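Everything on this sheet refers to the single structure shown next.
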Amino acid sequence: DRLASLTDRRIDAGADTPTLVSLLVDKARQRRERGDLEGVIAALDECLELDPHHFAALKELVDTHRGAEDWQSAAEALIRIARLKRSVEEQSWAFTQLAEIYDVHLQDLSRAEASLRQVAKLAPTHLETLDRLASVLSRENKALEAARLLEELIRRTTGETELRDYRIR
């Protein structure tokens with residue numbers, strides 16, 4: 001609590017934007033350690049008001065909303081990360097996480113499909129993404145598209161177990 005108090009006083013004293021942003025991220029992490037999810041979100045919101053493109057703060061926000069099982073808010077934070085146009089790996093990560101949330105938690109298959117298609121554009125050789133996309137397409141009753149993807153997976157796969165799995169579907 002003493003560290004949290006010192007951090008609050010330092011923020012109240014003011015500083016340049018990068019310093020304040022860093023302090024607010026620290027404050028959010030301190031609040032997380034104390035189990036204060038509302039305090040975490042408030043600190044991150046304040047941080048993102050100062051720097052709306054701060055990757056670490058956005059990622060903390062995603063993690064916080066996931067921990068609270070607030071899937072819609074987690075998806076919104078991931079969309080903000082995806083719009084940052086950072087590295088291919090970070091964008092792929094964001095769209096993969098979005099696909100999982102839309103598929104598993106929000107049951108929005110069309111958005112899960114769109115997210116997976118974006119990952120496939122960013123990383124066309126990532127077979128796991130194509131496999132997940134085929135699964136989503138099957139559940140959307142897009143059997144022909146799913147079958148084409150599975151055929152593509154069969155062509156690209158060298159492992160016997162994966163080949164069998166793709167052929168069975």
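Computed from a predicted model, the values in this text were never measured in an experiment.
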Q) Would a hydrophobic clustering, with Ile, Leu, Val, Met, Phe, Trp and Tyr connected at side-chain separations under 4.5 Å, put Trp93 with Ile101? A) yes
Scanning both residues in full, the closest heavy-atom pair of Leu109 with Asp103 reads CD2-OD1, 3.6 Å
Between Pro52 and Leu58, the two heavy atoms sitting closest are O-CD1, 3.9 Å
Just so I know, are the side chains of Leu98 and Gln118 near enough to count as touching, which here means a heavy-atom distance under 4.5 Å?
no
Under 4.5 Å between side-chain heavy atoms, hopping through other hydrophobics if needed: is there a path connecting Val136 to Leu78? no
Next on the checklist: Run Lys142 and Glu113 through side-chain contact (heavy atoms from CB on, under 4.5 Å) and show every step you take.
Outcome noted: CA-CA 11 Å; Lys142 296 181 178 180; Glu113 176 190 346; 2.9 Å; yes
Rounded to the nearest 0.5 Å, the CG atom of Leu133 sits from the OG1 atom of Thr129 at a distance of 8.5 Å
When rounded to the nearest 0.5 Å, the distance separating CG of Leu24 from OG1 of Thr17 is 10.5 Å
Verify, without hydrogens or angle tests, whether Arg32 (side chain) and Glu60 (backbone) share a donor-acceptor contact under 3.5 angstrom. yes
For Glu151 and Arg148, what are the C-alpha separation, side-chain angles and deciding distance, and is it a salt bridge (Lys or Arg N to Asp or Glu O under 4.0 Å)?
CA-CA 5 Å; Glu151 287 172 358; Arg148 286 184 184 135; over 6 Å; no
Within one Ile-Leu-Val-Met-Phe-Trp-Tyr cluster: Leu61 and Leu106, side-chain cutoff 4.5 Å | yes
Practice problem: Test side-chain contact (heavy atoms from CB on, under 4.5 Å) on Leu84 and Glu90 and set out the steps. | Solution: CA-CA 9 Å; Leu84 294 179; Glu90 287 171 342; over 6 Å; no
Practice prompt. May I ask you to decide whether Glu76 forms a salt bridge with Arg80, counting only side-chain N to carboxylate O separations under 4.0 Å?
Written response: no
Answer yes or no: is there a donor N or O on one side and an acceptor on the other, between the side chain of Gln107 and the main chain of Val104, under 3.5 Å? yes
Audit row: Gln97, Arg66, side-chain contact (heavy atoms from CB on, under 4.5 Å) steps and yes/no
CA-CA 11 Å; Gln97 300 305 305; Arg66 276 190 158 157; 2.6 Å; yes
For Glu100 and Arg132, what are the C-alpha separation, side-chain angles and deciding distance, and is it a salt bridge (Lys or Arg N to Asp or Glu O under 4.0 Å)?
CA-CA 9 Å; Glu100 178 185 337; Arg132 289 186 67 195; 5.2 Å; no
Interatomic distance, NZ@Lys27 vs OG@Ser22, rounded to 0.5 Å, equals 13.5 Å
Item to check | Trace of the side-chain contact (heavy atoms from CB on, under 4.5 Å) decision for Leu130 with Arg156 | outcome: CA-CA 11 Å; Leu130 298 178; Arg156 291 186 188 187; 3.4 Å; yes
- Message: Please say yes or no: joined through hydrophobic side-chain contacts below 4.5 Å, possibly via intermediate residues, are Leu23 and Val40 part of one cluster?
- Response: no
Heavy-atom closest pair (Arg86 atom, Gln91 atom, distance to 0.1 Å) is O-OE1, 3.7 Å
The reported gap from CD in Glu89 to CG in Leu122 (rounded to nearest 0.5 angstrom) is 9.5 Å
For Arg34, is the CZ atom crowded, meaning more than 12 foreign heavy atoms sit under 6.0 Å from it? yes
CZ (Arg29) and OG1 (Thr64) are apart, to the nearest 0.5 Å, by 10.0 Å
(Q) Could you see if Phe55 belongs to whatever hydrophobic cluster contains Val25? Use Ile, Leu, Val, Met, Phe, Trp, Tyr and a side-chain cutoff under 4.5 Å. (A) no
Residues Ile81 and Ala94: closest non-hydrogen pair is CG2-CB, 3.8 Å
Scanning both residues in full, the closest heavy-atom pair of Ser115 with Phe95 reads CB-O, 3.5 Å
Check your understanding: So, Glu145 and Arg117, do they make that salt bridge, N to O below 4.0 Å?
Key -> yes
Open item on the list: So does Ala134 get a backbone contact from the side chain of Ser138, meaning a donor-acceptor N/O pair under 3.5 Å?
Closed with: yes
His126 side chain reached by Ser92 side chain, heavy atoms, under 4.5 Å | no
